[in-house]
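So that the names make sense, note that chain A is the first sequence line, chain B the second, and so on, each numbered from 1.
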There are 2 protein chains.
Amino acid sequence: MKRIGIKDLARLLSLNVSTISRALSGHPDVSPETRERVLDAAREFNYHPNLHARFFRKKNSGLIALVLPELNSFFIPELIQGVHDAVEKKGYNVIMFISGDSPEKEAEIMDHCLSWVAEGVLVSVSNRTVETGHFRAIQSAGIPLVMLDKVIHTADFSTVTINDHSAAWSATEHLIRSGCRKLLGVLGNPGLEITRERAKGFADCLEARGFLPEMSRIITIENIASGEEVLMEEVIRGGYDGIFVMSDELLLFVYPALAAAGLYPLKIRLAAISDGKLPHAIFPQVPYVQHSGYQTGRTAAEKLLDEISGKDPAIRHFTSGINLVYPR
Amino acid sequence: MKRIGIKDLARLLSLNVSTISRALSGHPDVSPETRERVLDAAREFNYHPNLHARFFRKKNSGLIALVLPELNSFFIPELIQGVHDAVEKKGYNVIMFISGDSPEKEAEIMDHCLSWVAEGVLVSVSNRTVETGHFRAIQSAGIPLVMLDKVIHTADFSTVTINDHSAAWSATEHLIRSGCRKLLGVLGNPGLEITRERAKGFADCLEARGFLPEMSRIITIENIASGEEVLMEEVIRGGYDGIFVMSDELLLFVYPALAAAGLYPLKIRLAAISDGKLPHAIFPQVPYVQHSGYQTGRTAAEKLLDEISGKDPAIRHFTSGINLVYPR
DNA sequence: CACTTTTACACAAACGTTTGCGGAAACGTT
DNA sequence: AACGTTTCCGCAAACGTTTGTGTAAAAGTG
């Protein structure tokens, strides 16, 4: 029942602890025979190194902290998977924190990261965060920090996002090419950079294609509960023939509302930004600009690992590739 | 830049390390004035306790390991959230592992849990796992282990699942009550307990309601790519007026296929088991029996915490509540 | 006042592991 | 045979924290 340690093995084999340690870590200073003896004993008594003791002594932790505002988003699982795959390959483990979209909680979590001696921090910033002091504290402790998905653009942190402007542009252009002449943009939380960028992409595309101001409109859905009402009122009054939907979360209620009103697919076209699951599930399939959560997570983690190993200490801002997916 | 420790504080305040430690942990053996001095200094030099050192000394880790086969499922994020909420309340942290559905990887992960001195392990078992030796190893090291969602039913481990039999029964009964007279069950991987239970619930309900064998059929979709073909062939030949869909993953392609063929919602009714996101997104909304990933994760984590604190060491099998959700 | 008790701190050991250093034995070279 | 080298292992310190024990000084007690 008692956990067996390096000392126990030493006693059992009448060797010194240092020899056991070196045998297990493949140090050349130990003969092949004793190495075998040690490995056999370790297996027999199923020895497992105490990582707390090891990391405590070696002053690193093998931990990458992943901080997320919440988990309900569509592409978060893929993001986690991407992070996980990247860090696992280098022998790191992931310790996960959830800020619940609270800046105070986020600050607490940063303290936790310091306490855990995380070797790197990946953070998708809470929607309500404006102050970045708690992030800076991490950095000034010498711990690399990379923001992903939901980011704050400053010169202090590396970031990985999808190219929101271009994604929105691309989806909008698809609507125009399909023949739409009056467009509505449905957007989320206006405080987020992601929203502003997508709104800008939508607007810029319209301007570039010669749309007059009265030929398009943007509405903001902040409260999902009352959103449907707001949406339908605008749709009925506006006479739109195309709607750009900024996210899966919004598509989740825009589609059924329009379908129930008999507007989709007959009177109104849709185009969305999505990871692809939801548009594929509804009928007729909604064209969408795909953004990969996996890619986002993976890129961010790899950049973080580069910073940890000192390979690329520069602050960089990545945008992951996007591509338009038409209904089959 | 250098990390500041308890010793540094001691030197700065010309106190002994033990006094610092006790001051920070609120031990009564330290006067209010010095406690204040210590706390002030800790804040000023932003001291953060080294958890590796602490846990190493105290022989616990504050870590709960969460082991999942993969992250693509619909209700996994909610499950994670449920686990997270429950353990966080007790001051634990979550360290996450992904087995990629490989039993070998799963065994490796169990070793990792031992090395991390996890205080408890939550595991959703890989689809391909048959041997439970690696789980037993965890237990014999004195670490509680609870299985959730995807479980193996033995007398050795506590489990938390949804009540698959009853959920399937309930969905099936809904179809019958709605007037369906020829039913198809669409099921997933037949190797999983979850599939067998849901198949049984479907069949048992039909039998109880007096359906003759020729009035229903079950098909198994193992490969999602070729699934649509299999499904449509059966549907066209069978003349069904109701389909029971076992999971979100399956609904994801059953719905568009039927809709494209003009069968849903006109000729065929659907009923599913789901966490509720997807059925809400499609139109007309599909009635579903709701199972909560959040509840599953939370219940499992709470049971685990009880076992850790010695409050309820008995092996128990929980099934979380379910309820039928009609379209609005 | 002489005593016991309490208060508030210091001292030091321990947790499991890694690692620089030292050294005996074996081997290789003249 | 005398020396230098290499091989293989032991010794002991160190990492940051907690905690049992020791102890002066202060406070309480009769």
Among [options], which nucleotide has an atom closest to any side-chain atom of [X]?
X: A:Asn16; options: C:dT19, C:dA10, D:dG10; value: D:dG10
X: B:Leu15; options: C:dT17, C:dC9, D:dT17; value: C:dC9
X: B:Val17; options: C:dC21, D:dT18, C:dC11; value: D:dT18
X: B:Ala53; options: C:dT17, D:dT17, C:dC15; value: D:dT17
X: B:Arg22; options: D:dT19, C:dC15, D:dC11; value: D:dT19
X: B:Lys59; options: C:dC15, D:dA12, D:dT19; value: C:dC15
X: A:Thr19; options: D:dC9, C:dC15, D:dA12; value: D:dC9
X: B:Ser18; options: D:dA14, C:dA14, C:dA12; value: C:dA12

- request: Please answer whether D:dC15 and A:Phe56 are stacked, defined here as ring centres separated by less than 5.5 Å and planes angled under 30°.
  value: yes
message: Apply salt bridge (charged side-chain N to carboxylate O under 4.0 Å, His left out) to residues A:Arg3 and A:Asp8 and explain how you reach the verdict.
response: CA-CA 9 Å; A:Arg3 224 186 136 84; A:Asp8 304 301; over 6 Å; no
- request: Report yes or no: is there a donor-acceptor pair, N or O only, under 3.5 Å between the side chain of B:Asp29 and the base of C:dC9?
  value: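 Checked by distance alone, the answer is yes.
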field: Polar pair under 3.5 Å, donor/acceptor by atom type, side chain B:Arg54, base D:dT17
entry: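 Per atom types, no contact qualifies.
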- prompt: DNA chain D: B:Asn50 or A:Arg57, which has the more 5' nearest nucleotide?
  reply: A:Arg57
Provide, to the nearest angstrom, the distance between the [atom1] atom belonging to [X] and the [atom2] atom belonging to [N].
X: A:Arg35; N: D:dT7; atom1: CZ; atom2: P; answer: 13 Å
X: B:His48; N: D:dT17; atom1: NE2; atom2: P; answer: 12 Å
X: B:Lys7; N: D:dT18; atom1: NZ; atom2: C1'; answer: 13 Å
X: B:Asn60; N: C:dG16; atom1: CG; atom2: P; answer: 13 Å
X: B:Ile20; N: D:dT19; atom1: CD1; atom2: P; answer: 16 Å
X: B:Arg37; N: C:dA8; atom1: CZ; atom2: C1'; answer: 13 Å
X: B:Leu51; N: D:dT17; atom1: CG; atom2: P; answer: 9 Å
X: A:Lys58; N: C:dG16; atom1: NZ; atom2: C1'; answer: 14 Å

- request: Please tell me if the side chains of A:Phe75 and A:Pro77 come closer than 4.5 Å, counting only heavy atoms from C-beta onward.
  value: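 No, their side chains stay 4.5 Å or more apart.
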- prompt: Hey, does A:Leu71 have a side-chain heavy atom less than 4.5 Å from the side chain of B:Ile76?
  reply: no
- prompt: Do A:Ser158 side-chain atoms and A:Arg316 backbone N/O form a donor-acceptor pair below 3.5 Å?
  reply: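 Side chain of A:Ser158 to backbone of A:Arg316, a donor-acceptor pair under 3.5 Å: yes, one is there.
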- prompt: Would a distance-only check, ignoring hydrogens and angles, find a side-chain to backbone donor-acceptor pair under 3.5 Å from B:Ser21 to B:Val17?
  reply: no
message: Only pairs with both distances under 3.5 Å count, Watson-Crick or wobble alike; so what is the partner of C:dT30 in this structure?
response: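 Pair assignment: C:dT30 / D:dA1.
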field: Pair B:Asp101-B:Arg128, salt bridge (charged side-chain N to carboxylate O under 4.0 Å, His left out): steps then yes or no
entry: CA-CA 7 Å; B:Asp101 243 338; B:Arg128 292 166 36 222; over 6 Å; no
query: Any side-chain N or O of B:Thr34 less than 4.0 Å from the OP1 or OP2 oxygen of C:dC9?
result: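 Result: yes.
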- line: Taking for B:Ser31 and for A:Ile6 the nucleotide of DNA chain C with the nearest heavy atom, the one nearer the 5' end belongs to B:Ser31
task: Look at all strands and tell whether B:Ser115 reaches a base, only sugar-phosphate, or nothing, counting heavy atoms closer than 4.0 Å.
output: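 No contact.
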